[in-house]
Structures are given as C-alpha cells and as structure tokens.
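All remarks here apply to the structure that follows.
These numbers come from the heavy atoms of this one structure, side chains and all, not from hydrogens, waters or symmetry mates. Just so you know, residue 1 is the first one in the sequence shown, and it goes up from there.
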Amino acid sequence: MTAYWVAQGVGVLAFVVGITTFVNRDERRFKLQLAGYSAIIGVHFFLMGASPAGMSAELNAIRTVISLRTRSLWVMGIFIALTLGLGLSKFNHAMELLPIFGTVASTWALFRCKGLTTRCVMWCSTACWVTHNFWLGSIGGTLIEGSFLVMNGLNIIRFWRMQRRGIDPFKVEKEVQQQEG
C-alpha cells in the first residue's frame with residue numbers, strides 16, 4: 001500500500017509542476033515546462049504499473065526538449081516509431097492505446113505545428129491522456145490532465161478571440177524565431 005501512495009504522491013508532484021504549462025505563450029518556456037512535467041508523470045506511471053503510459057511520457061519529455069532544436073521530419077518519425085514500437089509491445093488493454101495515440105498526436109504537433117494549432121492538437125492529445133488516467137485510477141494524472149484540458153481549452157478560446165480582434169497572441173514567439181533564424 002505504501003508503494004501506491006508513493007506513486008500517487010509523484011503524480012501530485014507532476015500536477016504541481018504542470019499546472020501552469022499551457023498559460024505560457026512563449027514556445028520555449030511552454031516546451032521546457034511540458035518536458036519537466038512529462039518526465040515526472042512518466043515516473044508516476046511506471047510506479048503505477050502502467051508501462052505503456054510511462055514509456056510514452058518519458059519519450060514525451062525527451063521529444064519535447066529535442067523539438068526545441070529541430071523540426072526535422074526524420075526526428076519526428078523516430079519519436080513516432082519509438083512511441084508505437086515501445087508502447088504497442090507492452091500494452092495489455094485497449095485503454096492503454098490512448099496515451100500512445102496521444103503521444104503520436106502531440107509529437108506531430110510539436111514538430112509540425114505552431115501557435116494555436118499546436119494548442120488544439122495538444123488539447124486532443126490531452127483528452128486521450130485524461131481518459132486513460134481516469135481509467136487507471138491515477139489521482140495526480142487525472143487532476144493534471146483534466147486541468148490541462150480545461151486550461152488549454154480556455155487559452156485556445158482566448159487566443160482565438162485575440163486573433164479575431166487582430167491581435168497576434170504569439171507575436172513575441174514569432175519575433176524570437178525570426179531573430180534566431
């Protein structure tokens with residue numbers, strides 16, 4: 001029983017780290033915070049005995065950091081192949097396919113999308129994870145992914161409304177990318 005509560009404690013720690021991730025408009029900070037959250041929640045899933053979710057989360061952490069340096073289709077393909085290969089080799093229940101699918105979607109988003117589109121694809125990925133976490137009984141995982149679902153959804157609406165008024169919510173990010181490129 002102690003191992004169960006340690007695992008739940010790590011999940012709650014991930015909740016604390018991840019709670020403000022989707023508020024960031026700066027892509028670099030957004031990705032770094034998302035990577036930290038993913039690494040911690042991956043440990044939580046391994047402790048809960050959910051290996052496919054743990055592998056997906058740890059790959060998420062590595063992939064997210066690497067996506068800061070490159071948007072290469074080859075690198076994206078490697079991460080998608082790793083996610084599918086490792087996740088599918090260990091899954092025992094159909095619900096365990098949800099984090100695998102969510103990771104593939106978020107990998108595509110981080111390598112191929114920008115701005116609001118990234119947030120929208122990440123929202124769909126989050127819906128997969130929250131469903132899985134609820135099924136697994138992960139308290140911290142369900143809380144954080146449920147929070148991500150709500151917070152990212154609200155930010156998507158807010159950013160979309162800003163764009164409709166002619167305000168670019170990602171202007172700072174675009175300027176930084178132009179200076180670096």
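- Across all non-hydrogen atoms, the minimal contact from S125 to T103 is OG-N, 4.3 Å.
- Note on L68: it does not cluster hydrophobically with L73, by side-chain heavy-atom contacts below 4.5 Å among ILVMFWY residues.
- When the shell of 6.0 Å around CZ of R161 is examined, it contains 12 or fewer heavy atoms from other residues, nucleotides or ligands.
- Side-chain atoms of M122 and L34, non-hydrogen and from C-beta on, do get closer than 4.5 Å to each other.
- Ring geometry for W129 versus H132: interplanar angle over 60°, hence perpendicular rather than tilted (30 to 60°).
- Remark: I139 CD1 to I144 CD1 distance equals 14.5 Å, nearest 0.5 Å.
- Nearest heavy-atom pair, G36 versus V17, reported as atom, atom and distance to 0.1 Å: C-CG1, 4.3 Å.
- Criterion: ILVMFWY side-chain heavy atoms under 4.5 Å apart, direct or through other members. Under it, L136 and L13 are part of a common hydrophobic cluster.
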Take S106 and R63 through the side-chain hydrogen bond (donor to acceptor under 3.5 Å, both in side chains) test and state the conclusion after the steps.
CA-CA 10 Å; S106 62; R63 172 224 53 207; 2.9 Å; yes
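- With T64 contributing its side chain and A35 its backbone, the two residues share no donor-acceptor pair below 3.5 Å.
- Clustering ILVMFWY residues whenever any of their side-chain heavy atoms sit less than 4.5 angstrom apart, transitively, puts L32 in a cluster other than the one holding F79.
- Both I66 and L82 belong to a single network of hydrophobic side chains, linked directly or stepwise wherever heavy atoms of I, L, V, M, F, W or Y lie under 4.5 Å apart.
- Taking CZ of R119 as the start and SG of C113 as the end, the distance is 11.0 Å to the nearest 0.5 Å.
- Formation of a donor-acceptor pair under 3.5 Å by the E96 side chain with backbone atoms of A53 is not found in this model.
- Judged by distance alone, the side chain of T70 and the main-chain N or O of S67 form no donor-acceptor pair under 3.5 Å.
- Each of F30, Y37, F15 was checked for a ring pair (Phe, Tyr, Trp, His ring centres under 6.0 Å) with F148, and the lone residue meeting it is Y37.
- Distance check, rounded to the nearest 0.5 Å: SG of C128 to CG of L97 gives 10.0 Å.
- A distance of 11.0 Å separates CG in L98 from CZ in F91, rounded to the nearest 0.5 Å.
- I41 approaches A57 most closely through the heavy-atom pair CG2-CB, 3.9 Å.
- At least one side-chain heavy atom of L116 sits under 4.5 Å from a side-chain heavy atom of Q163.
- When every heavy atom of A7 is checked against every heavy atom of L47, the shortest pair comes out as CB-CB, 3.5 Å.
- Taking all atoms of both residues into account, the shortest heavy-atom contact from S38 to N60 is OG-CB, 3.6 Å.
- The side-chain heavy atoms of M151 and I19, taken from C-beta on, include a pair separated by under 4.5 Å.
- Closest heavy-atom contact between T142 and V130: O-CG2, 3.8 Å.
- Hydrophobic clustering (side-chain heavy atoms under 4.5 Å, transitive across Ile, Leu, Val, Met, Phe, Trp, Tyr) keeps V12 apart from W5.
- A distance of 10.0 Å separates CG in L154 from CG in L149, rounded to the nearest 0.5 Å.
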Under the side-chain contact (heavy atoms from CB on, under 4.5 Å) criterion, do M76 and R71 qualify, and how do the steps go?
CA-CA 7 Å; M76 180 187 77; R71 295 175 65 85; over 6 Å; no
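- Counting heavy atoms from C-beta outward, Q8 and H44 have side chains that approach closer than 4.5 Å.
- Under the 3.5 Å distance criterion, the side-chain polar atoms of S138 are left unmatched by any main-chain donor or acceptor of N133.
- Taking the side chain as every heavy atom from C-beta outward, M55 and F46 approach each other to under 4.5 Å.
- Residues N155 and R158 are in side-chain contact: their nearest non-hydrogen atoms beyond the backbone lie under 4.5 Å apart.
- Open room surrounds CZ on F101; 12 or fewer heavy atoms of other groups in view lie less than 6.0 Å from it.
- One finds the OG atom of S72 at 7.5 Å from the CD1 atom of I78 (value rounded to the nearest 0.5 Å).
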